[in-house]
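Every heavy atom of this structure was used, including side-chain atoms; hydrogens, water molecules and symmetry mates were not.
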Amino acid sequence: MYFDSVHAALAMEGHGPFVWAAYVITLAVLAAMLTAPARRARRLRRELAGNFKRNAGRGGGANEVGNASGT
Amino acid sequence: MWSFFHKLGSPPWLYGIAGSILRWLLPLTLLALIAGASWGLLFTPPDFRQGNSYRIIYIHVPAAVVALAGYYVMALAGAVSLIWKMKMADVAMKACAPVGAALTFIALVTGAIWGKPTWGTWWVWDARITSMLILLFLYLGVIALYEAYDNKAAAAKACAVLSLVGTVNIPIIYKSVDWWYSLHQPASIKFTGGSTIDPSMLYPLMLMIASFYALFTCCLLLNMRVEILRREARTNWVRKLVGA
Amino acid sequence: MAFCARLLRRQLVLALRRPVDIGNPLLFFAMVVALFPLGLGPAPGTLATFAPGILWIVALLANLLTADNLFRGDFDDGSLEQLLLSPQPLYTSVLAYVLSQWLVTGALLALLSPLFALMLNLAPGAIPTLVCSLLLGSGVLSLVGGIGAALTVGLRRGGMLVALLILPFYMPVLIFGSAAVQAAVIGAPAGAHLAILGAMLCLALALAPLAIGAALRISVDA
Amino acid sequence: MAFCARLLRRQLVLALRRPVDIGNPLLFFAMVVALFPLGLGPAPGTLATFAPGILWIVALLANLLTADNLFRGDFDDGSLEQLLLSPQPLYTSVLAYVLSQWLVTGALLALLSPLFALMLNLAPGAIPTLVCSLLLGSGVLSLVGGIGAALTVGLRRGGMLVALLILPFYMPVLIFGSAAVQAAVIGAPAGAHLAILGAMLCLALALAPLAIGAALRISVDA
Amino acid sequence: MLEAEALGLERGGRVLFEGLSFSVRRGQLVQVEGANGAGKTSLLRILAGLSRYGYAGAVTHRAPLLFLGHQSAVKGLLTPRENLAWHIAGEGAYDDAAIEDALDRVGLHGYEDVPSHALSAGQHRRVNLARLYLSRAPLWLLDEPFTAIDRDGVVELEALMVRHVEAGNAVVLTSHQPLAVSYTLHRLNLLEGLCP
Amino acid sequence: MLEAEALGLERGGRVLFEGLSFSVRRGQLVQVEGANGAGKTSLLRILAGLSRYGYAGAVTHRAPLLFLGHQSAVKGLLTPRENLAWHIAGEGAYDDAAIEDALDRVGLHGYEDVPSHALSAGQHRRVNLARLYLSRAPLWLLDEPFTAIDRDGVVELEALMVRHVEAGNAVVLTSHQPLAVSYTLHRLNLLEGLCP
Ligand code: HEM
Ligand SMILES: Nc1ncnc2c1ncn2[C@@H]1O[C@H](COP(=O)(O)OP(=O)(O)OP(=O)(O)O)[C@@H](O)[C@H]1O
Ligand SMILES: Nc1ncnc2c1ncn2[C@@H]1O[C@H](COP(=O)(O)OP(=O)(O)OP(=O)(O)O)[C@@H](O)[C@H]1O
Ligand SMILES: [Mg+2]
Ligand SMILES: [Mg+2]
């Protein structure tokens, strides 16, 4: 470990705010990037499951598919 | 080889294989990212000229490098989609754009943050920076175009055309911007580091670059899996998968 | 070829029957050029230094203003699908479209630019270079703009999206174009810059019509 | 009044229908702003000098890109004649049209302009004046542009004269607008310029809707 | 409800009609007749008050009117529901349930919230025709309302018009298809005037 | 002249047709049937090769075709003569007298040199229909050709189509009006396929 204390690591001789801000922003963007597909997949699966159920209930007319717009 | 190419065009196969790759690649990537970031943040000595602010390099450079490479991946997928009419290439291309845009954004923001302590200003019209900004525009253009089309099959083809045109132009853009910079202004601002970088800084940087590449792959596969599900919504295998 | 000439004539007739469309970019050009001295204070020295950049930027913006309209009308009234169905080679048809648009915007502006150059105190010796660079460069702009127009013509809201798509591609042209004039102003040879612009034009001439054609086929399906 | 609010909402919904379209104007401004360093050179001093003029030109451009579309769509699909037939007061309806266009171009640009001002190294002290002048001035631009749009919407040809008449009205706005910012940059009071812009806006608010309404009635009959 | 006095119109050097006087009364269903280019649309636009210059004679309105022209006045970016809401806002009304009901009646159930540009040609027109179920204007001026409408749709529309005139209102329409209604149809010939 | 194999299309979550196979042969006059929104226009655009993405199946063309859609492809700023000259230039032909003749036949004599935006709705469509007299394409795909055309015009058009198929060519058209032709009419139902 280069720094002596947590405090020193946070301050980084005055450059702390910049460095940590850069890392935090990056972390936020990466997190959003990684979780976005999962969120979309969950929504899509719910819609599809609902649709299939409804169609099965109607006797397999299979006329409708979720208008999952995919964004 | 041919059969592999054929399999690559098969949505269920691709969906499955992407899943099994992700199962080990994703944890590994996250681990490498954490290791690299803490190594760079806490265990390396400061730069003798820039002090501690240089630690931004461990995210700035990997993000910039992978963002650039990402454009070529996208264009390659676009070419495959147009030439071999492979639907899964459409999917890959569509999945690239948001990831590339996010990485470009990271490179720009971390660069701007880094600029304040080192150059005393958030923004300069430097060649590198300007061309990175243009790259962001290119990515956003692809995303905007895809969203604007209703017929998503056509949207993917349109984006493929756009990204192919982009590949012809990216070298031109870089060349011209480099040239514009050297023409107009003596280089009062220079990137430090480069080849003179000390090994104690180089190793964590290499680790971070590698993990950003892996991260790009992970995000790509994740996005592709969702897109495949969406496109194949009417097929039996998706029905089975969703459990209906 | 005969078809191509006919298409070109039709486009020019259409443009001439609606002179506003031709006049607007020119007026815009004149106004913006007039604005710079007002904004800067009319010190002839400063103006002359920046004249190449100003003239080029304004030419580019004027092009941007008209890019979206290239195929819009023909798409809306169904002429475009008829063109796609006709047995004529799309490559040359597309070229005729772009050529007609270039004639009424880029070429016209290039020919009028000496006038505006004088307004900005550009060194008279640089004027031939200015006209040349604008002629070559606006050709590239029109071709690239055509790609953007073709990609977005099927969408209901073109306008700004076209600008977004094509502006990154406009930037290299701007850089080399203004650099050429800049070089001519300080008396350096501008041949190299013009050669690069010419090379870009050749590349665009070869590839852009292909991209435009592909994009049009996709767009009628949007 | 309720009708007017509904019209305003409809226009805004139309403008913002696709999620990307919200981001488009912002991106567009960023890209056009980026053109200027590329053309004029990246030296911070130069850019700062030109910043007021540049930002004002971008505002004008955004207005020009959208002005022609103000009534075009509604004319082409018959919505405009329905509006004229409805028992609602035309003055307020027209005002709602213009207001909606102003909100998505002029006002948006004005609010975003500080960001771009920083990128162009404009003196931070001049930023409030910049925002004010853009807010006031782009209102005038939208109103005057509306007159032009209304006069030309029904014309299939021969609109040249109209464009010639309307475009010059943009000129004083540009002059006073950029002069206000210029004054603020050198620390002089910009109040007088802003007051003139405000007076122009009041005049335009009072008269332009009348002119637009009359022009629309004539255009439907063209 | 509407009186026309000595209307005359000349377009492009051709006299389309001259000295055309007639009045439309409550309970009348009037079909304007004429070949392509006879001047039916021009007449309807004069009657609606949209054309104000360049014709002879005078039109007096005695009642609010609803005019549906060749153009559908349907915005592609808006959904049918939004389009209708906007249309009736012009008459100062707003009622969500009524809109839903009108869309159902013209067969657009399930399409209420699709952007209108994704509708077929006939569905597009139907959005416009849904206004007939919502409007409170006693006088309807309809320019080729049956364009692009399928057979069932035409039957429904004719029934709707008959109900409207039976309720003491009036309809003036143009159509190249013969109307199949069990109601006295007045024919308006541009050259000969109104014949009962 | 045209073969369609297992065509399938889904729009906005609705299946419009599925597994639709048929072939159009010389001498056939085919009317595509279906209510508003059934998918007739979509099918014709696929047959014409204009829609290329997002449908299942395959279409094989054996002959050049002429497609006239909902949109008239007539430029308001050009005169009918100029419009036609441009249209047939696409087929590589050019013949002034033939254009004049075609315009006469569709009843536009005297309107040859008027800007097209000054034409009535029906005249506008007629400019487009004049192409039928000029085209040398054996296969016609016509999407609601009778829109806005008056009764005499419809009769003429029907006769023209019959002449065309009798000469060994083929016509595929959509129309909500029943055709009054003395020729075997094949009906193409989107759900059931081609029935003779
Ligand atoms: C918004 C501002 C910035 C942007 C968009 C930006 C962009 C880039 C890009 C595109 C690369 C190139 C990666 C490659 O070509 O392999 C890069 C590398 C680099 N940047 Fe930045 N940068 C910015 C600000 C800064 C600042 C302020 C510094 C430090 C003072 C900096 C230091 C570096 C270093 C040291 C490298 C690696 C150099 C090399 O490998 O050649 N950057 N940056
Ligand atoms: N761009 C689109 N996006 C989504 N759905 C669409 C699109 N275009 C058409 N549709 C849908 O496809 C269906 C068929 O449309 P099509 O235009 O083929 O009908 P049609 O049979 O020609 O009807 P009409 O008789 O009204 O002309 C309609 O239900 C419509 O809602
Ligand atoms: N703007 C115009 N300028 C000159 N002439 C016009 C204009 N608009 C229409 N005309 C002419 O007026 C005549 C009547 O047009 P109108 O649209 O009223 O006919 P219509 O009876 O509605 O025909 P259709 O059945 O085809 O709709 C036409 O001959 C047309 O050429
Ligand atoms: Mg008519
Ligand atoms: Mg149809």
### Query
Does a side-chain heavy-atom distance below 4.5 Å link Leu130(D) with Pro114(D)?
no
### Task
Could you tell me whether the side chain of Asn63(D) reaches within less than 4.5 Å of the side chain of Tyr170(D), counting heavy atoms only?
yes
### Task
Locate the shortest heavy-atom distance separating Val98(C) from Leu143(C); write the atom from each residue and the value.
CG1-CD2, 3.7 Å
Heavy-atom distance under 4.5 Å to chain D: side chain of [X], backbone, both or neither?
X         : answer
Leu65(C)  : both
Leu167(C) : both
Pro52(C)  : neither

### Query
Side chain, backbone, both or neither: which part of Val32(D) has a non-hydrogen atom closer than 4.5 Å to chain C?
both
### Task
Count the heavy-atom pairs under 4.5 Å between each of Leu60(C), Leu61(C), Asp76(C), Leu55(C) and chain D, then report the option with the highest count.
Leu61(C)
#### Entry: Arg10(D)/Asp74(D) salt bridge by N-O under 4.0 Å criterion
yes
### Message
Please verify the inter-ring angle class for Phe50(D) with Phe50(C); under 30° counts as parallel, over 60° as perpendicular, anything in between as tilted.
### Response
perpendicular
